[in-house]
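Structure first, commentary second.
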2 protein chains.
Amino acid sequence: MDVDARKLRILQAIVEDYILSNTPVGSRTLSKTSGLGVSSATIRNEMADLTEMGYLIQPHVSAGRVPSAKAYRLYVTQLLPQGMHEEELTGARRAFTSRVRDMESLLTQGTATISDLTHYTALVLTPRQSDLTVRSLHLVPVGKERALLVIVTDSGVIRDTSIRVSSRLDAQALYTIGQMLTQRMRGLTLREVREMLYGYAASSDADARVLSGIADLAAQVEKQTGSDRVMVGGAHNILYYPEYADVSRARAFMDALERRDSLIAMLRQGEDQLSVRIGAETGIPEFSDCSVITAPYRIGRGHTGVIGIIGPTRMPYARMLDMMRMFSQELTAALSVKE
Amino acid sequence: MDVDARKLRILQAIVEDYILSNTPVGSRTLSKTSGLGVSSATIRNEMADLTEMGYLIQPHVSAGRVPSAKAYRLYVTQLLPQGMHEEELTGARRAFTSRVRDMESLLTQGTATISDLTHYTALVLTPRQSDLTVRSLHLVPVGKERALLVIVTDSGVIRDTSIRVSSRLDAQALYTIGQMLTQRMRGLTLREVREMLYGYAASSDADARVLSGIADLAAQVEKQTGSDRVMVGGAHNILYYPEYADVSRARAFMDALERRDSLIAMLRQGEDQLSVRIGAETGIPEFSDCSVITAPYRIGRGHTGVIGIIGPTRMPYARMLDMMRMFSQELTAALSVKE
DNA sequence: TGTTAGCACTCGCACGCATTGAGTGCTAAC
DNA sequence: GTTAGCACTCAATGCGTGCGAGTGCTAACA
């Protein structure tokens, strides 16, 4: 048995009805509202076939049908209707770019903005940093024994953290050290910088020992570059979906969001392109009733981060894909403008 | 009718029982478990009095009693038992200080840490910054037309944001400008700095015009100093309390958390000392079934921020007060160490 | 051969009703 | 002032029932 054109149309109608109503779709209402021009009995026959093929699920005998993950997959792959109207998308674009315009605002405002605009839970994964290359390093005095380390990389991203330094060093000395470090490390990746710093700390190199906190410095670079960070925002949005009227489900969802390592793994998988993962495709059991849409963004040469949204599988895919594509483009544009 | 010693003891027993069980407390179980040595009938009489006085509420005739906000207020003011055991508190202290050790980690980890340790929703309000005084300013080149502005204040806090600058300025020029700005502005408050910068932008002062983005600079300072920021974390914790088994209540709670200005106003009110606000005392209608415990933290001379937790009025006050007091002390110690 | 009308059947859901039991207020005795 | 006893209240629970949306099947029709 294959999925012919009529079956596709019926499936599409069921999916779209269900996305709007969240109630099982019956043959009678479908034959009336879908404009397919066939009777409910015919639709019943087709629905029986689609159920047998695994595209539809009957919650119980006397209820209508609910799309399965397989149905959503087919829908997203083959049946997507046109998405958002241009003017609507433009409005969203404006809202997005006014709040997110650089790396800093992405980190502080990114998840909030995306979740506000989509009404789903938003995810932002920071780019891998260990293979960014260094353009310059600076040390800024901020206290008796503390300095701010600013690392400028080729993608314009600044990693800044406060480190300990010898109290003998004044502003001028720190400036000079910064210039020296820049000279030595320009063009190296952050990973190489880290290793070089550890080397300095171990050796007794006269130049290097000027920094009493050199190991500290290396450790900070390590911390900043070692692992990706993922941010989550708008988790409360799921409380608006009837799928989560039961608090225990909402709890399970939110607990899963706290397990950052599996989130990171999931987001990294969608690193290269706009992607939709439905139910079990997410690879996270708690999200088996959810779909995740992710989109990459690029900063500089090939360093990519990922943004994503997550919500019930019953999701207006076309609209959301349009949105995420747009966010991704805007982000990439905003972040690579910087020389 | 006054609240004599026995009434107090009964009230205390009811509050503590209810905090643990979240079920209306009946006279029979109370006479058995509380060790007061009086019969249930006697307790019933006292309970009737306490109800009349407004300390207890009957959900319905044949249910037990539930403490009113007035009862919690009396409990917190007069009846607090000893709080946490020393070793338990020490464990929490260690967990806290290992994650929150400076302003930066407070901003990134503060709410997560506090909510993890208390299992309530955590709030962190940043200190008012407009009357911090400036110690030095620095400009660090981070791209063709961008520089990082670092402002070091007397409380060691660094405000850094990226601003536009003229492309003609190299690292050395920016360094010199930073020194010049430091010389002129050292000792001024951030508010005065902001005004001075606006003044420069308006005038045609030759020195000032070197910075093509001087208005940008002032605007950034304004943005950073003008308004306090409040961070919220661990909001999902409330889903574990049966008071929020109904999703619509959880939703109302979380929506109220999004209205940052009223949150800020609420937190600012508890700026000067450890405080408990119960129900309507919070001043926020959505939190009429919640209690808020806030504690100030100080950075440098008299600049205070506030941390807080919020949860159902049925809260183990003694423990939570101990915790918040400890957080407040540790934070103040950690943030004022810096010269 | 595909489509449709008809019909018996299923089963979740809402409703009404009785039962249960925790807890109360009141009274009378101690 | 305290306590035992007792009638009373009322939310919660469980059970039976009717309703209705929706199905699968069959037979007739184009």
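Just the heavy atoms: all of them, side chains too, but no hydrogens, waters or symmetry mates, feed the values below.
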Residue of the set Thr42(B), Leu36(B), Leu11(B) for which side chain to side chain contact (heavy atoms under 4.5 Å, CB included) holds with Arg6(B): Thr42(B)

Side chain of Ala48(A): nearest nucleotide among dG24(D), dC10(D), dG20(D)? dG24(D)

From CG of Leu36(B) across to P of dT3(D) the rounded distance in Å is 11 Å

For the side chain of Arg6(B), starting at C-beta, report the closest nucleotide among dG24(D), dT2(D), dT4(C). dT2(D)

Which nucleotide in the list dG25(C), dT3(C), dC10(D) gets nearest to the side chain of His60(B)? dC10(D)

Determine whether Thr294(B) and Ser275(B) satisfy the following criterion, side chain to side chain donor-acceptor pair (under 3.5 Å), listing intermediate values before the conclusion. CA-CA 5 Å; Thr294(B) 60; Ser275(B) 92; 3.0 Å; yes

Proximal nucleotide (of dT9(D), dT2(D), dT3(C)) relative to the Thr42(A) side chain: dT3(C)

Does any nucleotide pair with dC13(C) by Watson-Crick or G-U wobble geometry, both distances under 3.5 Å, and what is it? dG18(D)

Closest non-hydrogen atom pair, Pro67(A) against Leu56(A): CA-CD2, 4.0 Å

Side-chain N or O of Arg65(B) less than 4.0 angstrom from OP1 or OP2 on dG23(C)? no

Paired nucleotide for dA18(C) [Watson-Crick or G-U wobble; both distances under 3.5 Å]: dT13(D)

Could you check Pro59(B) against Ser39(B) and say which one's nearest nucleotide on DNA chain D is further toward the 5' end? Ser39(B)

Looking at the side chain of Ser27(B), which of dT24(C), dG20(D), dG24(D) is the nearest nucleotide? dT24(C)

Using purine N1 to pyrimidine N3 plus N6-O4 or O6-N4 for Watson-Crick, or N1-O2 and O6-N3 for G-U wobble, both under 3.5 Å, which nucleotide pairs with dA27(D)? dT4(C)

Starting from P on dT3(D), measure out to CG on Leu30(B) and report it in whole angstrom. 13 Å

So what does Ala41(A) hit on the nucleic acid, given a heavy-atom distance under 4.0 Å: a base, only sugar-phosphate, or nothing? base

When rounded to whole Å, the CD1 to P distance for the pair Ile43(A) and dT23(D) reads 10 Å

Between Glu46(A) (CD) and dG22(D) (C1'), how many Å, whole number? 17 Å

Ring-plane angle category for Tyr241(B) and Tyr120(B), please: parallel below 30°, perpendicular beyond 60°, tilted otherwise. parallel

Report the distance from atom CG of Asp49(A) to atom P of dT23(D), rounded to the nearest whole Å. 14 Å

Is Arg44(B) side chain donor-acceptor paired with the dG25(C) base, going by distance under 3.5 Å alone? yes

When you check the phosphate oxygens OP1 and OP2 of dT3(D), does a side-chain N or O of Arg28(B) lie under 4.0 Å from one of them? no

Would you kindly check if the NZ (Lys) or CZ (Arg) of Arg251(B) is within the cone defined by 45 degrees around the ring axis of Tyr240(A) and under 6.0 Å from the six-membered ring centre? yes

Please name the residue in the list Arg319(A), Arg325(A), Met326(A) that meets the side chain to side chain contact (heavy atoms under 4.5 Å, CB included) test with Asp322(A). Arg325(A)

Within this structure, what is the CG-to-C1' distance between Asn45(B) and dT2(D), rounded to whole angstrom? 9 Å

Compare the minimum distances between each of dG22(D), dG5(D), dA22(C) and the side chain of Ser62(B), then state the nucleotide with the smallest one. dA22(C)

Is any side-chain N or O of Ser40(A) closer than 4.0 Å to OP1 or OP2 of dG22(D)? no

Below 4.0 angstrom from OP1 or OP2 of dC10(D), is there any side-chain N or O of Gln58(B)? no

Expressed as a whole number of angstroms, how long is the span from Leu56(B):CG to dG25(C):P? 11 Å

May I have the distance from Lys32(B) (atom NZ) to dG23(C) (atom C1'), rounded to whole angstrom? 13 Å

